[in-house]
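Let me begin by presenting the structure, written as structure tokens, before commenting on it.
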Amino acid sequence: MHNDNNIPEKLLKPYSAKDTESRIYEAWLDSGFFNPDICVEKGVTKADAEPFSMVLPPPNVTGTLHTGHALMLVIEDIMTRYARMQGKRTLWLPGTDHAAIATQSKVEKILEKEEGKRKQDLGREEFLARVNKFAQESHDTIVGQAKRMGASLDWSREAFTLDATRNLAVRTAFSRMYKDGLIYRGHRIVNWDPKGQTVISDDELVYEERKSKLYTFKYSKDFPISISTTRPETKVGDTAVAVDPTDERYKQYVGKEYDAVFCGVPIHIKIVADESVEKDFGTGALGVTPAHSQIDAEIATRHNLPTIQVINEYAKMMIGGENLLGKKVTEARETIVQWIRDEGLMEKEEDVTQNVSTAERTGAIIEPLPKLQWFINVNKPIADRGNKTLKELMLAPIREKQIEILPDRFENVYYNWVNNLRDWCISRQIWYGHRIPVWYDKDGAIHLPKERRVLLARHGESEANSLRLFAGGKSQSPLTDTGRAQAKELGQKLKSENVTKIISSNLPRARETAEIIAREIGLDPQSIEEWADYREYEVGDLENTPWPEKGIPFRTAIESQKGENLAQIEQRVISVFKKLESVETEGTLLMVGHNGFNCCMKAHIEGVQKERFVEFAELCTMENASTHEFMLMHNPSGEGLTQDEDTLDTWFSSGLWTFSTLGWPQKTHDLKMFHPTSVLETGHDIIFFWVARMILMSTYLLGEIPFKTVYFHGLVRDEKGRKMSKSLGNIVDPITLIDKYGTDALRMAMIVGVGPGSDSNLGEEKIKAYSKFANKLWNIARFVMENTSKLDTTTTHTLDTEDQATIDEINALLKEITKEMNEYKFYLVAEKLYHYTWHTFADVVIERSKNKIANGTGSESAQQMLVTALPLLLRALHPFMPYITEELWNTVYNEKNLLLVEEWPCKI
RNA sequence: GCGCGAUUAGCUCAGUUGGUAGAGCAACUAAUUUACACUUAGAAGGUCGGGGGUUCAAGUCCCUCAUCGCGCACCA
């Protein structure tokens with residue numbers, strides 16, 4: 001491996017990212033240090049260290065990662081690695097988003113193209129299976145790509161917006177909001193996407209400027225007032241004409257009603273006076289179409305006007321004679337315009353540009369339609385939250401500086417949006433997503449899932465406990481007197497907990513504890529259900545043998561492999577939870593069982609992987625007669641109940657992301673430790689979709705902010721500053737760039753000079769430049785190694801003035817950049833490190849040291865300086881260029897620890 | 001209509017609280033086997049979008065105009 005100079009062979013060749021990166025990533029994964037718990041267990045992080053947590057904005061499972069995702073991963077990984085090196089208890093939590101409409105329409109397109117089928121041809125179940133398969137494949141691609149970016153994500157906590165844990169969160173959130181009257185079902189004018197066949201929210205609209213015509217005409221010859229419109233086809237649905245109350249021209253007509261036949265359709269028009277009408281616009285009179293305009297619907301409500309729907313879900317006319325019925329709105333428009341002209345009713349045809357609402361995902365022109373949908377009321381005062389509305393809850397944390405937004409100019413954008421916010425439509429007529437957790441019975445009454453509180457309890461002290469002997473799933477060891485007293489005391493405590501049902505393990509120590517409790521709280525001991533499945537884990541012939549001197553019995557039992565293995569225990573845990581779903585009781589459910597098995601139950605609730613049950617059990621050992629609370633959500637069941645067919649807006653589940661990923665609604669250890677999260681890093685294009693909704697959900701459901709700082713990154717454009725798009729053919733695949741130049745080079749190119757919120761141009765030249773830098777660093781390491789291999793490292797050599805000045809200079813730089821790291825100025829830090837390493841350290845310091853080492857005078861000082869300086873630079877560069885720095889640190893220099901968990905080289 | 005951002009070398013962009021204009025790339029001149037040719041040294045290149053103001057001093061602060069980009073609102 002080593003040549004004469006004791007230099008590793010690989011160091012003699014140029015740096016090869018290809019041969020290095022995957023190997024290093026594997027080493028990081030093997031270490032487990034992406035998981036903060038393992039960092040604590042292995043002693044690289046102090047248990048009482050300050051937590052740092054961040055959720056990954058979950059990429060949509062619609063395909064692959066693009067350069068925008070790459071930038072996001074780079075910035076967040078820099079934040080994460082920096083925090084980890086500072087010794088913080090660091091969690092960066094990965095996940096993906098089911099992106100309901102986007103994913104479903106993608107699969108629909110593929111289905112149409114490859115098989116010529118529509119989703120209805122497959123049916124809901126089969127179609128969803130296809131979507132799930134597609135989502136799984138996308139997910140795998142995305143995860144693979146994130147790993148290649150070097151992302152130090154804790155994969156053991158990976159979440160999906162549509163998995164079981166997140167579904168529990170969604171049902172809980174929905175039920176609580178419904179209970180508080182924040183979620184309601186109502187008839188409203190909604191944004192209907194005729195192509196996607198679903199309702200969408202105001203935020204999913206894209207306004208496109210189009211040329212169109214403004215027509216001014218009368219409904220009929222003897223109608224007294226002219227009106228203007230760009231959509232004559234909707235006028236067959238008019239039920240009123242509204243005028244400004246102060247408009248002298250029309251005052252005489254207000255309150256009068258007229259009949260007319262408009263293009264063959266009989267209409268009945270009432271003249272009303274309404275404040276919302278501007279008398280200077282057009283004719284100063286507004287034809288009111290309550291079914292197809294938001295504003296008109298509001299006027300109609302105020303004046304009690306009838307609503308006539310004339311356009312259907314396919315954007316076709318649903319009224320009129322042969323000339324109109326079933327025609328597309330565009331055709332109907334021409335027909336009606338021609339009719340107006342023919343009748344001599346047209347007064348003016350003007351060219352105007354107008355903003356047309358289109359659907360973000362499908363591009364279809366939105367048709368405002370009256371529909372029965374689910375909404376979130378943003379203006380209702382909430383008793384539990386100081387009578388504040390959701391709107392106010394969203395504004396307060398920013399105003400009160402609890403949440404810092406970087407760059408701060410986005411604060412105004414945020415305020416602007418919240419203040420203009422209308423009720424949020426959350427139901428979608430698509431199949432892929434969380435089903436709305438509402439059931440209807442035969443009479444149409446609404447039923448929601450119910451929350452059930454469960455208390456896990458451990459039995460009182462048993463004889464085996466007191467003798468420190470193993471007592472597993474077969475032990476018949478009875479309670480001691482102490483144990484009975486403990487059980488009685490627990491019963492006293494539980495009196496106020498409204499326990500209405502008790503389930504017990506079938507072993508005597510649990511059963512006896514349960515019976516004592518039952519008597520204390522006034523329940524019939526006969527009513528206790530005994531579940532053999534809920535017994536303690538099996539320990540085989542360890543039964544009744546003494547506990548180990550060191551460590552916990554659970555670990556010893558598992559490692560002895562004499563009883564049940566983890567897979568068997570997990571199976572049993574799952575079956576107990578399954579059984580719990582069908583338990584009916586009004587109040588709190590008490591489960592009396594055992595330490596080991598209860599810990600596994602807790603681990604399951606917290607989402608701990610079974611491989612880590614043992615470590616988890618060590619953390620959460622239950623004392624005799626202690627309890628642990630969790631909740632279950634029961635969907636309504638019974639004859640004739642049907643669930644709402646619609647699904648939820650994908651942003652509903654995304655809004656819960658900072659805490660649903662940490663196990664909410666369970667009161668998990670993760671939730672306590674890591675929420676509110678430290679930072680949210682994301683693109684400023686989703687400030688409304690996502691950031692605002694997370695603040696809404698978190699402040700309402702948890703009463704706390706979801707994150708302390710929001711860091712927005714900008715758009716990544718191509719080298720010419722153009723937006724990357726399929727039609728321009730200028731989309732760059734980050735993986736191609738990595739293959740060519742290495743991840744470290746791409747990371748540096750993406751970060752240098754790119755401040756928060758500003759767009760950046762990514763050109764290949766820039767990446768190439770940083771791949772050269774990687775090689776430079778490689779050769780610096782080689783030089784240092786070659787020239788210091790004979791240095792006696794057992795003593796520290798004194799530095800001369802010049803070399804001491806170099807070290808001082810580096811420390812000053814480190815101090816400067818540490819301050820900038822804390823201010824999120826990564827773009828500056830990366831550039832400064834690059835510049836110092838190359839143009840000062842390599843070009844000046846190393847050149848100077850060459851002479852000294854060759855001449856012999858000051859040789860030891862120079863060598864000592866080099867071996868001191870290089871590790872400082874490697875540490876500081878690690879968050880930016882993790883692979884090459886780790887390779888130099890771990891493989892070449894053969895340091896004991898991974899650089900990943902080494903200390904950041906400067907403390908302030 | 002309201003608001004935000006950008007305008008600095010040929011190109012892409014830095015420039016922290018006002019204190020003598022900076023980097024990378026490109027182009028130019030040289031070095032020639034070196035820790036590194038994925039190299040080094042050097043020179044060249046800018047009235048910091050226009051105009052006005054505050055100040056001893058403005059790329060930086062204020063006003064105004066222009067161009068480009070973006071967001072929101074209005075859309076009868």
Side-chain angles (χ1 to χ4, degrees), chain A residues 5 7 11-16 207 209-210 212 214-216 226-232 234-235 238 241-243 276-289 293-296 299 352-357 407-417 419-420 684-685 687-688 714-715 717-723 741-742 745 748-749 752-755 757-787 816 819-820 823 825 827-828 830-832 834-835 838-839 842-843 846-847 849-850 866:
Chain A
N5 278 332
I7 307 295
L11 202 52
L12 298 176
K13 288 183 268 176
Y15 172 65
S16 165
Y207 296 107
E209 220 169 67
R210 298 208 181 162
S212 113
L214 180 68
Y215 303 96
T216 303
S226 304
I227 54 152
S228 298
T229 185
T230 53
R231 297 202 58 190
T234 64
K235 297 290 112 180
D238 281 13
V241 165
V243 298
S276 69
V277 179
E278 276 179 48
K279 56 180 164 187
D280 299 329
F281 192 100
T283 61
L286 166 63
V288 181
T289 322
S293 156
Q294 187 98 37
I295 291 166
D296 293 8
I299 296 173
V352 289
T353 51
Q354 67 160 2
N355 280 331
V356 178
S357 311
D408 57 10
R409 63 188 148 90
F410 285 108
E411 279 184 22
N412 283 331
V413 180
Y414 181 86
Y415 291 142
N416 198 337
W417 180 80
N419 287 326
N420 285 309
H684 61 75
D685 51 334
I687 181 167
F688 313 132
L715 212 66
R717 301 168 178 279
D718 74 357
E719 56 218 311
K720 290 175 188 144
R722 297 173 306 183
K723 210 167 176 170
Y741 302 105
M748 283 296 276
V752 170
V754 182
S758 56
D759 294 351
S760 60
N761 301 353
L762 185 70
E764 244 181 276
E765 284 304 320
K766 195 174 177 186
I767 308 170
K768 205 169 151 188
Y770 287 104
S771 72
K772 289 183 183 179
F773 176 58
N775 194 53
K776 189 76 183 177
L777 189 61
W778 189 250
N779 281 294
I780 289 171
R782 174 173 159 191
F783 175 86
V784 171
M785 202 164 203
E786 278 179 350
N787 287 281
E816 194 179 312
K819 190 172 158 264
E820 284 161 353
E823 290 164 356
K825 291 176 181 165
Y827 56 106
L828 275 182
E831 194 179 359
K832 281 181 181 174
Y834 165 81
H835 204 254
W838 196 321
H839 298 295
D843 292 347
I846 285 189
E847 288 306 319
S849 75
K850 277 184 190 169
L866 291 175

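Every chain is numbered from 1, with letters handed out A, B, ... down the list of sequences. Side chains are part of it too, since the values below use all heavy atoms of this structure and drop only hydrogens, waters and symmetry mates.
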Going by salt bridge (Lys or Arg N to Asp or Glu O under 4.0 Å), name the residues that satisfy it together with [X], two or more places apart in sequence or in a different chain.
X: D296(A); result: none
X: R210(A); result: E208(A)
X: E209(A); result: none
X: R782(A); result: E786(A)

With rounding to the closest Å, how many angstrom separate the [atom1] atoms on [N] and [M]?
N: U40(B); M: U33(B); atom1: C1'; answer: 12 Å
N: U8(B); M: U55(B); atom1: P; answer: 29 Å
N: A23(B); M: G46(B); atom1: P; answer: 15 Å
N: G69(B); M: A76(B); atom1: P; answer: 26 Å
N: C48(B); M: A6(B); atom1: C1'; answer: 14 Å
N: U67(B); M: G49(B); atom1: C1'; answer: 8 Å
N: A73(B); M: C65(B); atom1: C1'; answer: 25 Å

- request: List for me each residue that meets side-chain hydrogen bond (donor to acceptor under 3.5 Å, both in side chains) alongside E278(A), sequence neighbours excluded, and say none if there are none.
  value: none
So which protein nitrogen or oxygen atoms get under 3.5 Å of nucleotides 15-17 of chain B's nitrogens or oxygens?
none

query: Quick one: ring pair (Phe, Tyr, Trp, His ring centres under 6.0 Å) partners of F688(A), sequence neighbours excluded?
result: W417(A)
message: Tell me which pairs pass salt bridge (Lys or Arg N to Asp or Glu O under 4.0 Å) where either residue lies in residues 761-779 of chain A, with sequence neighbours left out.
response: K740(A)-E764(A)
- prompt: With distance as the sole criterion, is a donor-acceptor pair present between the side chains of S228(A) and T216(A) under 3.5 Å?
  reply: yes
- prompt: Any side-chain donor-acceptor pair under 3.5 Å between N416(A) and N412(A)?
  reply: no
statement: Going 5' to 3' through nucleotides 68-76 of chain B and flagging B where a protein heavy-atom sits under 4.0 Å of the base, S where only the sugar-phosphate is that close, and - otherwise, we get ---SSBBBB
message: Each nucleotide in nucleotides 22-44 of chain B should get exactly one letter: B, S or -. Can you fill that in based on protein heavy atoms under 4.0 Å?
response: --SS---------BB-BSSS---
task: Only counting residues at least two apart or in another chain, list the ones meeting side-chain contact (heavy atoms from CB on, under 4.5 Å) with V752(A).
output: M748(A), Y770(A), A830(A), E831(A)
task: Write out the stems for RNA chain B, ordered by first number and formatted as range with range, counting runs of at least 3 consecutive Watson-Crick or G-U wobble pairs under 3.5 Å.
output: B:1-7 with B:66-72, B:10-13 with B:22-25, B:28-31 with B:39-42, B:49-53 with B:61-65
field: Approximate separation, where rounding is to 0.5 Å, of T229(A) OG1 and L286(A) CG
entry: 8.5 Å
query: Under a 4.5 Å cut-off applied to non-hydrogen side-chain atoms, are V352(A) and S212(A) in contact?
result: yes
- prompt: Which heavy atom in T289(A) sits nearest to a heavy atom in D238(A), and how many Å separate them?
  reply: OG1-OD1, 2.5 Å
